[in-house]
J.: 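One structure, pasted below without further comment.
Treat the numbers as computed from the prediction; the structure is a model and nothing was measured.
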Amino acid sequence: MDEVNWWLIGGGLSVGVIFGALMQRSRFCMVAATRNMMLMKDYRQAFAFVAAWVIAIGGTQLLELMEIVDIGDSFYRNSTLDWFGASLGGVLFGVGATMARGGAIRTITASMEGNLHALLALLMFAIVGAVTQFGFLETARVNLTNLTAVELQTDAGIASMLSLPAWLPAAAVVLGLVAFLVFSWRRGGSMPLALTGIVIGGLVVASWYITGVVAQDEFDPTHPSAMTVSGPMARLGYILISGKIPAFSFSISFVIGAAIAALISAVATGQFRITPIQKGMTKYSILGGILMGIGGVVAYGCNVGQGLSGISTLSVESLLAVLGMIAGTTMCVKWWDTRY
């Protein structure tokens, strides 16, 4: 039996517990941010996301520039640019998350609050993610990648692809995001939500440090990683299908920690109650989970994996995935508004 890396497991659980509790209390969510901004001109959730990006990108880039963590060794920055898969998967995930009424981690926290719509979507997310990652859809997914992916001479980072000094894109992106917050704040920024975003961004940086430094074993080195949900959900779905339990990792421990914290927080605050699926909404819960499962795997991550962790590496592939998620969410919110 392989030796268990308790630093990875403990680190993942710790980060997940903090993240899950924050999510349950704040409703920090990509779908909510897009919907509120489009339909109600409410920018508070969007500003919280930007605040998270400032800290996540700035902190992660500092870890790389100071050669503390080899961020370029993460799979987000490998030399294969699957531009089509990232974009298509992002769109599918965005549509699915809107139908499920929340992104990956929000679906988990809502399930822990007793929401049966979210719980059904989460179950489909896990099962279809497993089928896409390990099952009969794997061949189609791999063939699509082989047909459309581009092999690079460098890694998929913005600086590498544009032959720029590593600090230049990092500084430009962070300063641009800070400027956006400063000059747009009067549209309705919320300090509590912004602080939530700052903490979440800090958790991304902490994840890179834990996996890239604290949990590294010189005799068994691993690639640094950070928070993600779609991969662990696919592996949990694999357990349901095959009965085989995969090895624990930082990301699986992160998801388990987030779910436990969300449940405890919901019970402690009196927000846990069984909420049945509304009439006529079952099909959207199922379809939303299916699209999240396929999209999250095809895009190599969800709104957490690509939207927070991946984007912090300034990977072009992550940027395409995030743009796809925003596009998919926007289209589905518009469609949903006209239909309901």
J.: For Ala159, does its backbone N or O pair with a side-chain atom of Ser163 as donor and acceptor, under 3.5 Å?
T.: no
J.: Nearest 0.5 Å, please: how far is CE in Met233 from SG in Cys302?
T.: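 Reported to 0.5 Å precision, the distance equals 10.0 Å.
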J.: Which heavy atom in Leu92 sits nearest to a heavy atom in Gly295, and how many Å separate them?
T.: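 The answer is CB-CA, 4.0 Å.
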J.: Quick one: do the Thr148 and Trp83 side chains pair a donor with an acceptor below 3.5 Å?
T.: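 Looking only at side-chain atoms, Trp83 and Thr148 do not form any donor-acceptor pair under 3.5 Å.
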J.: Can a donor-acceptor pair be found between the side chains of Thr313 and Ser315 at a distance below 3.5 Å?
T.: no
J.: State, to 0.1 Å, how close Val95 and Gly328 come at their nearest heavy-atom pair, and which atoms those are.
T.: CG2-O, 3.5 Å
J.: Checking Ser160 side chain against Ala156 main chain: does a donor-acceptor pair fall under 3.5 Å?
T.: no
J.: For the residue pair Thr222 / Gln216, report whether a side-chain donor-acceptor contact shorter than 3.5 Å exists.
T.: yes
J.: Tell me whether Tyr76 shares a hydrophobic cluster with Leu162, the cluster being built from Ile, Leu, Val, Met, Phe, Trp, Tyr side chains joined at under 4.5 Å.
T.: yes
J.: Side chain to side chain contact (heavy atoms under 4.5 Å, CB included), that's the test. Do Phe250 and Ser207 meet it? Break it down for me.
T.: CA-CA 9 Å; Phe250 179 90; Ser207 298; 3.5 Å; yes
J.: I want to know whether Trp185 and Tyr43 have ring centres closer than 6.0 Å.
T.: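 They do not qualify: ring centres at least 6.0 Å apart.
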J.: Which atom pair, heavy atoms only, marks the closest approach of Ser309 to Gly305?
T.: CB-O, 3.3 Å
J.: More than 12 non-hydrogen atoms from neighbouring residues, nucleotides or ligands closer than 6.0 Å to CD on Glu151, yes or no?
T.: yes
J.: Can you tell me if Arg106 uses its side chain to pair, donor with acceptor, with the backbone of Cys29 under 3.5 Å?
T.: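 Not confirmed, Arg106 side chain does not pair with Cys29 backbone.
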J.: Spell out, as yes or no, whether a donor-acceptor pair under 3.5 Å connects the side chain of Ser318 to the backbone of Leu314.
T.: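 Flag not set: sc Ser318 to bb Leu314 has no pair under 3.5 Å.
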J.: Please round to the nearest 0.5 Å and tell me the distance separating atom CH2 of Trp208 and atom CD1 of Ile68.
T.: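 The CH2 atom of Trp208 sits 14.5 Å away from the CD1 atom of Ile68.
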J.: State, with a plain yes or no, whether a side-chain heavy atom of Pro224 is found less than 4.5 Å away from one of Asp73.
T.: yes
J.: For the CE atom on Met66, are there more than 12 heavy atoms of other groups (residues, nucleotides or ligands in this structure) within a distance under 6.0 Å?
T.: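 Not more than 12 within 6.0 Å, no.
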J.: Please check if the side chain of Thr211 supplies one atom and the backbone of Ser225 the other of a donor-acceptor pair under 3.5 Å.
T.: yes
J.: Just by modelled atom types, is the Ala261 backbone N or O under 3.5 Å from a matching donor or acceptor in the Ser265 side chain?
T.: no
J.: For the atom pair OG1 (Thr329) and CG (Asn303), what is the distance rounded to the nearest 0.5 Å?
T.: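 Thr329 atom OG1 to Asn303 atom CG measures 8.0 Å (nearest 0.5 Å).
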J.: Find out if a path of hydrophobic residues (ILVMFWY) with successive side-chain heavy-atom gaps under 4.5 Å connects Phe93 to Leu122.
T.: yes
J.: Does a donor on one side chain sit under 3.5 Å from an acceptor on the other, for Gln24 and Glu113?
T.: yes
J.: Side chains of Val204 and Ile55: closer than 4.5 Å at any heavy-atom pair?
T.: no
J.: If every non-hydrogen atom of Ser312 is compared with every non-hydrogen atom of Ala56, which pair is closest and at what distance?
T.: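 Smallest heavy-atom distance, with atoms named: CB-O, 3.5 Å.
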J.: Answer whether the closest heavy-atom distance between the side chains of Leu308 and Trp53 falls below 4.5 Å.
T.: yes
J.: Measure across Gly301 and Met325 and return the closest heavy-atom pair with its distance rounded to 0.1 Å.
T.: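 Heavy atoms only, the tightest pair is O-CE, 3.4 Å.
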J.: Is the closest side-chain heavy-atom distance between Gln45 and Thr34 below 4.5 Å?
T.: no
J.: Are Leu63 and Val15 linked, directly or through other ILVMFWY residues, by side chains that come within less than 4.5 angstrom of each other?
T.: yes
J.: Phe49 and Phe28: aromatic ring centres closer than 6.0 Å?
T.: yes
J.: Can you name the side-chain hydrogen bond (donor to acceptor under 3.5 Å, both in side chains) partners of Arg77, sequence neighbours left out?
T.: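 By the side-chain hydrogen bond (donor to acceptor under 3.5 Å, both in side chains) rule, Arg77 matches Glu64, Asp155.
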J.: How long is the span from the CG atom in Leu147 to the CG atom in Asn143, to the nearest 0.5 Å?
T.: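 It comes to 6.5 Å.
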J.: Going from CZ on Arg101 to CE on Met281, what distance comes out if it is rounded to the nearest 0.5 angstrom?
T.: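 Between atom CZ of Arg101 and atom CE of Met281 there are 6.0 Å.
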J.: Say you draw a straight line from CD1 of Ile18 to CD1 of Ile200; how long is it, rounded to the nearest 0.5 Å?
T.: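 Between Ile18 CD1 and Ile200 CD1, I get 11.0 Å after rounding to 0.5 Å.
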J.: In the structure I gave you, are the side-chain heavy atoms of Thr196 and Val199 within less than 4.5 Å of one another anywhere?
T.: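 Heavy-atom side-chain distance check fails, nothing below 4.5 Å.
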J.: Check whether any side-chain heavy atom of Leu123 lies under 4.5 Å from a side-chain heavy atom of Leu240, and answer yes or no.
T.: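 A side-chain contact under 4.5 Å exists here.
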J.: If you apply the rule side chain to side chain contact (heavy atoms under 4.5 Å, CB included), what do you find for Leu291 with Phe125, and how did you get there?
T.: CA-CA 8 Å; Leu291 291 175; Phe125 180 14; over 6 Å; no
J.: Heavy-atom count around Tyr209 OH within 6.0 Å, excluding the residue itself: above 12?
T.: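 Counting other residues, nucleotides and ligands, OH of Tyr209 stays at 12 neighbours or fewer.
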J.: Count the heavy atoms of every other residue, nucleotide or ligand shown that sit under 6.0 Å from CZ of Arg25, and state whether that count exceeds 12.
T.: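 Counting other residues, nucleotides and ligands, CZ of Arg25 stays at 12 neighbours or fewer.
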J.: What about Phe75 and Tyr300, are their ring centers closer than 6.0 Å?
T.: no
J.: Are Phe47 and Leu175 linked, directly or through intermediate hydrophobic residues, by side-chain heavy-atom contacts shorter than 4.5 Å (ILVMFWY only)?
T.: no
J.: Residues two or more places apart in sequence or in another chain: which of them pass ring pair (Phe, Tyr, Trp, His ring centres under 6.0 Å) with Trp167?
T.: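 Residues passing ring pair (Phe, Tyr, Trp, His ring centres under 6.0 Å) with Trp167: none at all.
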J.: Looking at Gly103 and Val31, what are the two nearest heavy atoms and their distance?
T.: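 For Gly103 and Val31, the tightest heavy-atom pair comes out as N-CG2, 4.0 Å.
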J.: Examine Leu39 and Met99 and state if one hydrophobic cluster contains both, with Ile, Leu, Val, Met, Phe, Trp and Tyr joined whenever side-chain heavy atoms are less than 4.5 Å apart.
T.: no
J.: Between Thr275 and Asn115, is any side-chain donor less than 3.5 angstrom from a side-chain acceptor?
T.: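 The answer is no; no qualifying pair exists.
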J.: Test Ile256 against Leu13 for side chain to side chain contact (heavy atoms under 4.5 Å, CB included), laying out the working first.
T.: CA-CA 7 Å; Ile256 293 173; Leu13 282 171; 4.2 Å; yes
J.: Taking atom types as modelled and ignoring hydrogens, do the side chains of Gln306 and Glu317 form a donor-acceptor contact shorter than 3.5 angstrom?
T.: no
J.: Does the side chain of Val91 come within less than 4.5 Å of Met331's, by heavy atoms?
T.: yes
J.: Do side-chain atoms of Ser285 reach the backbone of His117 as a donor and acceptor pair under 3.5 angstrom?
T.: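 Indeed, once roles are kept as given, a pair shorter than 3.5 Å links the two residues.
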J.: Quick one about Ser184 and Arg187 (side-chain donor to acceptor, distance below 3.5 Å, no hydrogens or angles considered), yes or no?
T.: no
J.: Got Val150 and Thr80 here, is their nearest side-chain heavy-atom distance under 4.5 Å?
T.: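 Counting from C-beta outward, Val150 and Thr80 never come under 4.5 Å.
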J.: Does any N or O in the side chain of Ser253 come within less than 3.5 Å of the main-chain N or O of Gly12, such that one atom is a donor and the other an acceptor?
T.: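 Flag not set: sc Ser253 to bb Gly12 has no pair under 3.5 Å.
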J.: Could you walk me through whether Thr132 and Glu138 satisfy the side chain to side chain contact (heavy atoms under 4.5 Å, CB included) test, starting with their C-alpha distance in whole Å, then the side-chain angles of each, then the deciding distance to 0.1 Å, before giving a yes or no?
T.: CA-CA 5 Å; Thr132 307; Glu138 179 185 9; over 6 Å; no
